[in-house]
Structures are given as structure tokens and as C-alpha cells.
Amino acid sequence: MVKLRLKRCGRKKRATYRIVAIDVRSRREGRDLRKVGFYDPIKNQTYLNVPAILYFLERGAQPTETVRDILTKSEVFNELCPNQIKLT
């Protein structure tokens, strides 16, 4: 199974995160299938490759809770199912 989750980058006490599609059995710093976004909690910036994220979500990838919150704030789920009730 594939998950969309955060992968830690950056230097000590200055963490940034990549949003990656990764196999469930891999560790956090393990080999990812594809990088689909970037999140900087200090500057509160996000970059999302929306077509790639939608590709993985349509094929059954499950986002972690933190990634789900990031995707909800950027309204990616509205593009996935515009006529359905919002996901919580």
C-alpha cells in the first residue's frame, strides 16, 4: 500500500519536509516512489504538485493526518471530488 507522508529534510532545528508517495513498509527516510510536494512549517509555505497527488489518491494512496490537513487547507480534495461532500 502507498501512503502520502512527510519526509524530513533541512538542518538541525530548521526542519523542512517533502511530501512523498512512499510504500508503507519503508521508513521515514527511506526510498520514496515520487516527490509530490514541499512543506516549510517555519515560513508556513507549501508547494504541491496537484496532478501527481491526485494521481496517487485516485489509485488508493492514503495520506497521513498531517498531510491530509495540508491538502485540506489547499483544497486539493475539492478537485478530487467536486460534487461530493467535503472529506474530514
Side-chain angles (χ1 to χ4, degrees):
M1 185 165 114
V2 176
K3 279 207 173 215
L4 296 175
R5 67 182 185 202
L6 297 175
K7 186 175 186 180
R8 191 178 194 279
C9 303
R11 62 180 198 235
K12 185 167 58 169
K13 300 193 183 207
R14 189 83 182 142
T16 58
Y17 299 91
R18 286 188 184 138
I19 300 171
V20 295
I22 195 167
D23 187 33
V24 176
R25 297 168 289 184
S26 297
R27 55 197 174 119
R28 182 184 73 182
E29 309 302 335
R31 184 171 179 197
D32 51 68
L33 300 173
R34 185 165 179 192
K35 297 173 185 78
V36 294
F38 177 81
Y39 173 60
D40 186 354
I42 296 169
K43 295 180 182 177
N44 200 15
Q45 294 178 336
T46 57
Y47 165 77
L48 300 173
N49 184 351
V50 177
I53 291 171
L54 292 176
Y55 172 83
F56 283 107
L57 289 175
E58 289 170 353
R59 282 156 183 78
Q62 297 295 314
T64 59
E65 292 204 17
T66 307
V67 173
R68 181 179 291 129
D69 291 342
I70 293 169
L71 296 179
T72 303
K73 287 179 186 176
S74 62
E75 300 178 353
V76 172
F77 290 124
N78 292 343
E79 295 180 29
L80 183 64
C81 50
N83 298 327
Q84 296 179 359
I85 299 172
K86 292 182 182 178
L87 299 173
T88 56

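Hydrogens, waters and symmetry mates are skipped; everything else that's a heavy atom, side chains included, is used.
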Give a yes or no on whether Val2 and Leu71 share a hydrophobic cluster (residues Ile, Leu, Val, Met, Phe, Trp, Tyr; joining criterion: side-chain heavy atoms under 4.5 Å apart).
-> yes

Can you tell me which residue pairs pass the side chain to side chain donor-acceptor pair (under 3.5 Å) test with a partner in residues 32-52, sequence neighbours excluded?
-> Lys7-Asp32

How about Ile19 and Leu6: do any of their side-chain heavy atoms sit closer than 4.5 Å?
-> yes

Pairs involving residues 13-24, ordered by first then second residue, that meet side chain to side chain donor-acceptor pair (under 3.5 Å) (sequence neighbours left out) | Asp23-Arg25

Using the rule that two of Ile, Leu, Val, Met, Phe, Trp, Tyr join whenever any of their side-chain heavy atoms come within less than 4.5 Å, decide whether Leu57 and Tyr55 are in one cluster.
-> yes

Can Phe38 be reached from Val67 by stepping across I, L, V, M, F, W or Y side chains whose heavy atoms are under 4.5 Å apart?
-> no

Residue among Leu48, Ile53, Asp69 satisfying side-chain contact (heavy atoms from CB on, under 4.5 Å) with Ser74 | Leu48

Closest heavy-atom pair and its distance - Pro41, Ala15 | CD-O, 3.7 Å

